[in-house]
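Here's the structure, in structure tokens; my notes come after.
The structure displayed is predicted, hence computed values, not measured ones. Quick note: numbers below take in every heavy atom, side chains included, and nothing from hydrogens, waters or symmetry partners.
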Amino acid sequence: MADYLVTICGIIALFVALYYYFTATFDYWKVRGVPGPRPLPVFGNIKDVMFLRTSLCHYLKNLYEEYKNEPMVGIFTRRTPILVIQDPDLIKDVLIKDFFKFADRGIPVHERTEPLSPHLFNLEAERWRPLRTRLSPVFTTNKLKDMFPLILECAKHLEVYLDKVVARGEPIECRELTAKYTTDVIGSCAFGIDANALSDEESEFRRVGRQVFAVSFGQILRFRFRQIFPRIYDLLGFVLPQTEVTTFLTNLIVDTMKYRDEHNILRPDFVNMLMELKKHPDKLENIKLTDTLLTAQAFVFFVAGFETSSSAMSNALYELALNPEVQDKLRQEIKEHYKKHNGELKYDQVKEMTYLDLVFRETLRKYPPGAIILRKSVSNYTFEGTKVTIPKKSYVWIPLYAIHHNPDVYPNPDAFIPERFTPEAVATRHSMHYLPFGDGPRNCIGARFAVYQSKVGLITILRNHKVEVCEKTMIPYVIDPAAFLLAPKGGIYLKFTKLES
């Protein structure tokens with residue numbers, strides 16, 4: 001009987017200890033005077049997100065609406081406090097004015113288990129700052145002009161491929177179509193390689209790209225394990241083999257750099273910049289330049305370059321199919337441009353298509369690739385105009401999707417209205433109410449490249465093709481709660497019709 005009581009008391013003590021562990025931080029925001037929903041043990045405030053019952057986009061949108069008059073809201077991911085910043089002036093302080101105090105994104109880097117994770121998007125400020133400085137010249141206006149003929153060449157391949165698939169008379173899955181095009185563009189412009197995604201159904205480049213963003217039970221399990229047990233996850237690096245993506249890209253980058261070096265090949269692309277870094281490691285103080293670290297920088301350019309741009313293009317096509325009057329107006333602008341410039345498309349002339357720009361901006365408003373902008377404080381910080389102070393290493397989220405769907409800023413936010421982005425309309429809004437590429441020193445390094453390749457792709461498709469909804473089109477648009485970036489559940493299927501020239 002005594003042993004039985006000891007066992008019962010031990011179990012109770014264990015449960016009490018676990019309860020205390022999972023709830024010990026739950027007064028964190030209360031003592032700081034920050035409002036927020038009541039968290040649950042183990043889950044914090046993200047139970048439905050963890051179980052994929054809702055997307056992070058929609059959770060934060062609902063939170064934003066519930067606390068619409070609050071400048072900030074305190075929540076918990078499991079037991080970790082997260083400060084959600086909603087006031088645009090405070091957002092500007094975090095991203096721009098006081099950026100040096102929020103220079104980290106706060107994304108864990110697991111270099112042993114995930115060798116390609118220490119890339120420009122994830123890196124802590126110490127390594128991010130010098131690498132960003134050295135890689136930025138790849139994305140200057142002059143470099144983009146040099147790359148533009150390569151983008152146009154890929155657009156020609158897209159046109160040929162599209163004619164072929166349209167002739168089948170079947171609905172086309174737009175995300176795959178546009179991803180093939182952007183994969184070819186990235187392969188050509190960044191790596192000097194013909195990815196063959198449009199001409200070869202078995203393209204290795206495209207197959208690897210699919211793997212990176214594949215939504216599977218194994219991927220979700222790995223992601224959750226990494227979040228909950230980061231130290232154990234690091235140790236798994238000693239036993240887990242490298243993924244195919246890591247092996248493929250590392251071999252690709254190392255072999256390409258070696259071949260160019262041996263044959264004195266010089267191209268104005270990303271690989272050339274990595275080669276310059278390798279030749280002059282002294283320009284990057286306190287950074288050990290390994291082949292894996294260099295490959296990691298190529299990796300993030302590869303995946304971000306094809307995925308975010310292809311998503312923007314496919315989402316734009318979806319909205320244009322739903323809004324034929326917008327599509328007709330845009331096509332008219334495209335045709336007038338080609339007529340004016342003797343059937344040619346040049347770098348400087350893309351900017352002349354003002355309605356295309358409005359359509360593209362409205363697409364990124366409705367469908368920003370990321371639901372949130374992440375930051376982590378590198379020192380103690382008191383928010384201006386408040387009594388709220390957060391300690392060093394605090395996590396801050398900016399609810400991008402929620403801001404872009406705020407009806408007080410964008411009336412009827414679910415409607416697709418390109419005219420929201422005329423100069424007159426933009427002037428009436430706070431600059432922090434539109435952040436598809438982030439803002440401040442840590443904004444998207446490849447934003448201009450992404451815009452140009454996306455616009456050229458859309459011009460190529462819409463110039464001679466009409467897009468319409470069909471029986472397989474998802475209406476309404478449903479966000480996949482398991483996807484890492486904002487993505488539709490089940491893809492985007494549309495009907496394409498070739499128009500007479």
- Below 4.0 angstrom, N of the basic side chain to O of the carboxylate: do Asp357 and Lys351 qualify? no
- Item | Check: Phe139 ring centre within less than 6.0 Å of Phe301 ring centre | yes
- Task: Would you sort out whether Trp29 and Ile390 count as a side chain to side chain contact (heavy atoms under 4.5 Å, CB included), showing the intermediate values?
- Result: CA-CA 10 Å; Trp29 295 122; Ile390 56 175; 4.1 Å; yes
- Between CG of Leu458 and CE of Met313, what distance do you get to the nearest 0.5 Å? 5.0 Å
- Message: More than 12 heavy atoms of other residues, nucleotides or ligands under 6.0 Å from CD of Glu352: yes or no?
- Response: yes
- Aromatic plane relationship, Phe51 with Phe43 - under 30° parallel, 30 to 60° tilted, over 60° perpendicular: tilted
- Is it true that the side chains of Asp48 and Tyr59 contain a donor and an acceptor less than 3.5 Å apart? no
- Task: Taking the side chain as every heavy atom from C-beta outward, state whether Phe496 and Cys174 have any atom pair closer than 4.5 Å.
- Result: yes
- Task: Indicate yes or no for a side-chain donor-acceptor contact from His404 to the backbone of Leu435 under 3.5 Å, with no hydrogens or angles considered.
- Result: yes
- Query: Can you name the closest pair of heavy atoms from Phe148 and Tyr452 and give their distance?
  - Reply: CE1-CD2, 4.0 Å
- Apply the side chain to side chain contact (heavy atoms under 4.5 Å, CB included) test between Val271 and each candidate in Thr256, Ile265, Leu252, Val138; give the one that qualifies. Thr256
- Item | Side chain Ser117, main chain His110, donor-acceptor under 3.5 Å | yes
- Query: Are any side-chain N or O atoms of Tyr318 and backbone N or O atoms of Met474, one a donor and one an acceptor, separated by less than 3.5 Å?
  - Reply: yes
- Value for CG (Asp291) from CG (Leu274), rounded to nearest 0.5 Å, stands at 10.5 Å
- Gap separating the CD1 atom of Ile186 from the CD1 atom of Ile151, nearest 0.5 angstrom: 8.5 Å
- Main-chain N/O of Asp184 paired with Ser188 side-chain donor or acceptor, under 3.5 Å: no
- Message: Could you check whether any side-chain N or O of Ser377 sits under 3.5 Å from a backbone N or O of Phe102, counting only pairs where one atom can act as donor and the other as acceptor?
- Response: no
- Message: Against the six-membered ring of Phe421, is Arg429 placed for a cation-pi contact (under 6.0 Å from the centre, within 45° of the normal)?
- Response: yes
- Message: Does either side chain, that of Gln349 or that of His341, offer a donor lying less than 3.5 Å from an acceptor on the other one?
- Response: yes
- His263/Tyr259 aromatic ring centres below 6.0 Å: yes
- Query: Ile445 versus Ser136: any side-chain heavy-atom pair under 4.5 Å?
  - Reply: yes
- Is the Phe121 ring parallel, tilted or perpendicular to the His119 ring (thresholds 30°, 60°)? tilted
- Message: Please report the interatomic distance OG1(Thr178) to CD1(Ile172), rounded to the nearest 0.5 Å.
- Response: 11.5 Å
- Message: For the aromatic rings, using the six-membered ring if either is Trp, is the centroid distance between Phe76 and Trp397 under 6.0 Å?
- Response: no
- Stepwise, does the salt bridge (Lys or Arg N to Asp or Glu O under 4.0 Å) test hold for Lys97 with Glu384? CA-CA 11 Å; Lys97 180 186 172 187; Glu384 187 174 335; 2.6 Å; yes
- Item | Lys145 and Asp348 ion-paired at < 4.0 Å | yes
- Just do the side chain to side chain contact (heavy atoms under 4.5 Å, CB included) check on Phe383 and Val94 with the steps written out, would you? CA-CA 9 Å; Phe383 289 92; Val94 169; 3.9 Å; yes
- Message: Tell me if the aromatic rings of Phe270 and Phe302 count as close, with their centers under 6.0 Å from one another.
- Response: no
- Message: Can you tell me how far apart CD1 (Ile334) and OG1 (Thr460) are? Round to the nearest 0.5 Å.
- Response: 8.5 Å
- Message: For a quick test of reading the model, state the closest non-hydrogen atom pair linking Pro88 to His433 and the distance between them.
- Response: CG-NE2, 3.8 Å
- Message: Quick check against the 3.5 Å criterion: does Asn251 have a side-chain atom that pairs as donor or acceptor with the backbone of Thr247?
- Response: yes
- So with a 6.0 Å cut-off around NZ of Lys92, is the heavy-atom count from everything else above 12? no
- Message: Side chains of Arg175 and Ser311: any donor to acceptor distance under 3.5 Å?
- Response: yes
- Task: Answer yes or no: is there a donor N or O on one side and an acceptor on the other, between the side chain of Gln297 and the main chain of Pro118, under 3.5 Å?
- Result: yes
- Is any side-chain heavy atom of Lys180 less than 4.5 Å from a side-chain heavy atom of His157? no
- For Arg260 and Asn272, work out which heavy atoms get closest and say how close. NH1-N, 3.7 Å
- Message: Under 4.0 Å between a side-chain nitrogen and a carboxylate oxygen: does that hold for Lys393 and Asp104?
- Response: no
- Verify side chain to side chain contact (heavy atoms under 4.5 Å, CB included) between Ile492 and Glu173, making sure each step is shown before the conclusion. CA-CA 5 Å; Ile492 295 175; Glu173 207 290 284; 4.1 Å; yes
- With a 3.5 Å cut-off and no angle check, do the side chains of Asn315 and Tyr477 form a donor-acceptor pair? yes
- Message: Would Leu486 and Cys57 count as a side chain to side chain contact (heavy atoms under 4.5 Å, CB included) here? Give the steps.
- Response: CA-CA 8 Å; Leu486 188 151; Cys57 294; 3.9 Å; yes
- Item | Taking every non-hydrogen atom, the tightest pair across Ala179 and Thr183 | O-OG1, 2.6 Å
- Min side-chain heavy-atom separation Leu90-Asp93 under 4.5 Å: yes
- Task: Give a yes-or-no answer on whether the side chains of Gln453 and Tyr181 include a donor-acceptor pair shorter than 3.5 Å.
- Result: no
- Item | Minimum side-chain heavy-atom gap Val426-Arg420 below 4.5 Å | no
- Answer whether the closest heavy-atom distance between the side chains of Tyr367 and Glu319 falls below 4.5 Å. yes
- Decide, yes or no, whether a salt bridge links Arg129 with Glu126 under the criterion of side-chain N to carboxylate O below 4.0 Å. no
- Message: Contact between Ile403 and Ile91 at the side-chain level, heavy atoms closer than 4.5 Å - yes or no?
- Response: yes
- Message: Just so I know, are the side chains of Leu364 and Phe360 near enough to count as touching, which here means a heavy-atom distance under 4.5 Å?
- Response: yes
- Query: Within 45° of the six-membered ring axis of Tyr338 and under 6.0 Å from that ring's centre, is NZ or CZ of Arg463 located there?
  - Reply: yes
- Message: Would you compute the distance between atom CG of Leu120 and atom CZ of Arg442 and round it to the nearest 0.5 angstrom?
- Response: 7.0 Å
- How far apart are the closest heavy atoms of Tyr395 and Pro81, and which atoms are they? CB-O, 4.1 Å
- Query: For the residue pair Tyr401 and His58, does the interplanar ring angle fall in the parallel (under 30°), tilted (30 to 60°) or perpendicular (over 60°) class?
  - Reply: perpendicular
- List the atom of Leu317, the atom of Leu494, and the distance in Å for their closest heavy-atom pair. O-CD1, 3.5 Å
- Going by an N to O cut-off under 4.0 Å, is there a salt bridge joining Arg365 and Glu362? yes
